[in-house]
Amino acid sequence: MVTWIRRLLVVAGTLLATLAVLDQVGRRPEDRDWHGRVLCVPYDFRPPTVERLLERVWNPNDERVLVPQMFGIGWTINLFQLKRHAQLLIA
């Protein structure tokens with residue numbers, strides 16, 4: 001069962017990555033920014049930076065707990081907001 005789910009996730013991830021790259025390659029070169037959404041899933045293929053890492057992983061100014069990945073496809077957790085929500089549950 002776990003193997004089947006793992007294979008399904010690999011196929012879905014590969015499909016999303018392929019669609020994201022095709023989306024960018026289908027644009028004119030000056031319009032390619034290498035980040036966006038495909039099938040409502042965010043992607044970002046720009047080289048990672050420290051600023052983007054902090055913006056995504058520890059951002060008190062963003063109310064969302066799930067934010068787009070710093071690099072790749074999908075979401076990551078804004079740990080600041082996760083901490084804030086955990087403190088609200090405890091209080």
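Since this is a predicted model, take the numbers as computed values, not measurements. The figures here come from the full heavy-atom set of this structure, side chains too, leaving out hydrogens, waters and symmetry mates.
Annotation: side chain to side chain contact (heavy atoms under 4.5 Å, CB included) contacts of Asp31 (sequence neighbours excluded): Arg27, Arg28. Residues passing the side chain to side chain contact (heavy atoms under 4.5 Å, CB included) test with Arg46, sequence neighbours excluded: Trp34, His35, Asp44, Arg52, Arg56. Under the side chain to side chain contact (heavy atoms under 4.5 Å, CB included) criterion, Val57 pairs with Leu53, Leu79, not counting sequence neighbours. With sequence neighbours excluded, the residues satisfying salt bridge (charged side-chain N to carboxylate O under 4.0 Å, His left out) with Glu63 are Arg84.
Within the 3.5 Å criterion, the main-chain N or O of Asp62 finds a donor-acceptor partner in the side chain of Asn78. In this structure, the side chain of Arg37 does not engage the main chain of Tyr43 through any donor-acceptor pair within 3.5 Å.
Grouping Ile, Leu, Val, Met, Phe, Trp and Tyr by side-chain contacts under 4.5 Å, direct or through others, leaves Val2 on its own. Annotation for Val50: hydrophobic cluster partners, listed by chain and number, are Leu54 (ILVMFWY side-chain heavy atoms under 4.5 Å, direct or chained).
No continuous path of hydrophobic side-chain contacts links Trp58 to Leu88 [ILVMFWY only; heavy atoms under 4.5 Å]. Residues Leu82 and Phe80 share a single hydrophobic cluster, defined by chaining ILVMFWY side chains whose heavy atoms lie under 4.5 Å apart.
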Distance-only criterion, 3.5 Å: show the donor-acceptor pairs between side-chain atoms of residues 7-21 and protein atoms not counting sequence neighbours.
residue : atom : partner : partner atom : Å
Thr14   : OG1  : Val10   : O            : 2.8
Thr18   : OG1  : Thr14   : O            : 2.8

Side-chain donor-acceptor contacts of residues 69-76 below 3.5 Å, not counting sequence neighbours, with atom names and distances?
residue : atom : partner : partner atom : Å
Gln69   : NE2  : Trp75   : O            : 3.1

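Taking the side chain as every heavy atom from C-beta outward, Asp33 and Gln24 approach each other to under 4.5 Å.
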